[in-house]
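Take a look at the structure below.
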Amino acid sequence: QLACPLDLGCHSVIEFRSNISDLMAGVIEAVLVEGKNLVPADFNLTGEPSSDPYVEFLLDHKQQHIKSEPKQQTLSPVWNKRFKLEIGNKETDFIFVKCKDWDAMKTDDSLGTAVIHVKDLPDNANTRLNVKLEGVKSGELIIDMKYIPS
């Protein structure tokens with residue numbers, strides 16, 4: 001808080017928000033549950049198509065980045081990874097989702113992308129999303145989300 005000096009004769013107090021949580025519209029509590037029917041990017045030791053998928057979540061202003069661990073040699077990974085995202089503006093914020101195939105010796109391959117608009121999530125309700133991955137033949141992520149307003 002700042003107060004006007006007494007010798008200026010003003011009596012108003014100006015209050016500044018110093019806590020970042022005061023600037024948030026809310027929080028998303030989420031669980032990356034699983035992937036289904038992901039596209040293969042590799043071949044396993046028996047010659048069958050496979051991938052080593054992981055998922056990245058980026059809030060549109062890029063200040064928050066969540067990454068799951070890769071699951072080895074599967075097209076139907078199960079993560080059950082819990083995470084939280086702080087939302088600045090429910091109406092305009094979106095979450096960019098990237099599913100990738102982990103590779104030790106080369107650049108990770110894309111297994112698809114998606115966009116989740118925060119405004120589409122109801123307040124204070126658990127919502128199961130079946131997120132279709134774009135840019136690939138097949139693939140879906142199952143994500144549980146709950147938007148909690150501040």
Side-chain angles (χ1 to χ4, degrees), residues 1-5 10-42 44 49-104 106-150:
Q1 288 186 350
L2 292 179
C4 294
C10 67
H11 301 289
S12 53
V13 174
I14 302 169
E15 188 171 313
F16 292 92
R17 292 182 176 183
S18 59
N19 187 341
I20 191 71
S21 64
D22 291 340
L23 303 175
M24 293 187 323
V27 173
I28 290 178
E29 294 179 349
V31 179
L32 169 61
V33 180
E34 64 182 322
K36 293 182 176 182
N37 201 26
L38 300 181
V39 294
D42 302 321
N44 63 24
S50 181
S51 288
D52 303 312
Y54 68 93
V55 180
E56 293 179 299
F57 295 88
L58 296 99
L59 202 57
D60 63 338
H61 50 72
K62 308 275 191 282
Q63 294 179 353
Q64 294 178 71
H65 178 228
I66 307 291
K67 183 177 174 180
S68 74
E69 70 282 354
K71 296 294 183 176
Q72 301 299 311
Q73 300 183 359
T74 181
L75 301 178
S76 300
V78 176
W79 287 282
N80 288 315
K81 178 181 176 53
R82 295 185 178 279
F83 62 95
K84 289 184 181 184
L85 292 169
E86 296 175 350
I87 303 303
N89 185 321
K90 183 179 182 188
E91 294 303 310
T92 60
D93 280 1
F94 62 88
I95 303 163
F96 188 59
V97 182
K98 295 194 267 186
C99 188
K100 293 184 171 183
D101 171 60
W102 179 84
D103 286 310
K106 59 180 181 149
T107 305
D108 295 351
D109 301 306
S110 176
L111 301 179
T113 61
V115 174
I116 299 169
H117 294 274
V118 178
K119 68 182 178 184
D120 295 337
L121 298 172
D123 291 357
N124 298 309
N126 291 318
T127 306
R128 174 148 290 189
L129 303 175
N130 296 329
V131 179
K132 173 146 179 30
L133 295 171
E134 298 179 9
V136 290
K137 289 181 184 179
S138 66
E140 179 180 25
L141 298 174
I142 310 303
I143 306 168
D144 293 336
M145 290 194 162
K146 181 178 182 179
Y147 176 75
I148 304 168
S150 293

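Everything quoted here is computed from the prediction, not taken from an experiment.
Between Tyr54 and Lys67, the closest heavy-atom pair is CE1-CE, 3.4 Å. When all heavy atoms of Ser110 and Gly112 are compared, the pair lying nearest together is OG-N, 3.1 Å. The two residues Lys71 and Val78 make their nearest non-hydrogen contact at CE-O, 3.0 Å. Residues Pro49 and Leu75 approach most closely at O-CD1, 4.2 Å, considering heavy atoms.
In this structure, NZ on Lys137 lies 13.5 Å from CG on Leu111, to the nearest 0.5 angstrom. Interatomic distance, CD of Glu140 versus CG of Leu129, reported as 10.5 Å (0.5 Å rounding). Atom NZ of Lys119 sits about 9.0 Å away from atom OG1 of Thr92, to the nearest 0.5 Å. Leu133 contributes atom CG, which lies 6.5 Å from atom CG of Leu38 (distance to the nearest 0.5 angstrom). With rounding to the nearest 0.5 Å, the separation of NZ in Lys84 from CD1 in Ile148 is 7.0 Å. Rounding to the nearest 0.5 Å places CG of Asp52 at 10.0 Å from CG of Asp109.
Counting only distance, with no hydrogens or angles, the side chain of Asp103 and the backbone of Asp108 share no donor-acceptor pair below 3.5 Å. Judged by distance alone, with hydrogens and angles left aside, the side-chain atoms of Asp93 form no donor-acceptor pair with the main-chain N or O of Val118 at under 3.5 Å. Distance alone, capped at 3.5 Å, is enough to place a donor-acceptor pair between the Gln64 side chain and the Glu86 backbone. Panel note: side chain Ser51, backbone Val39; a donor-acceptor pair is recorded below 3.5 Å.
Side-chain contact check for Pro122 versus Thr127: some heavy-atom pair is nearer than 4.5 Å. Side-chain atoms of Leu85 and Ile66, non-hydrogen and from C-beta on, do get closer than 4.5 Å to each other. Considering only heavy atoms from C-beta on, Asp42 stays 4.5 Å or farther from Gln73 through its side chain. Annotation: side chain of Lys81 is not in contact with side chain of Val31 (no heavy-atom distance under 4.5 Å). Using a 4.5 Å cut-off on side-chain heavy atoms (C-beta onward), Val97 and Leu58 make no contact. Side-chain contact between Pro77 and Pro53 is present, with heavy atoms from C-beta onward closer than 4.5 Å. No side-chain heavy atom of Asn37 sits under 4.5 Å from any side-chain heavy atom of Ser76. Contact of the Val33 side chain with the Ile143 side chain is not registered, since no non-hydrogen atoms from C-beta on lie closer than 4.5 Å.
Screening Phe96, Trp79, Phe83 for a ring pair (Phe, Tyr, Trp, His ring centres under 6.0 Å) with Phe57, the sole residue that qualifies is Phe83.
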*Check the pair Ile95 / Met145 against side-chain contact (heavy atoms from CB on, under 4.5 Å), numbers first and verdict last.*
CA-CA 12 Å; Ile95 303 163; Met145 290 194 162; 3.9 Å; yes
_Worked verdict on Ile87 versus Tyr147 for side-chain contact (heavy atoms from CB on, under 4.5 Å)_ = CA-CA 9 Å; Ile87 303 303; Tyr147 176 75; 4.0 Å; yes
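Evaluation of the salt bridge (charged side-chain N to carboxylate O under 4.0 Å, His left out) test over residues 121-135, restricted to residues two or more places apart or in two chains, returns Lys90-Asp123, Arg128-Asp144.
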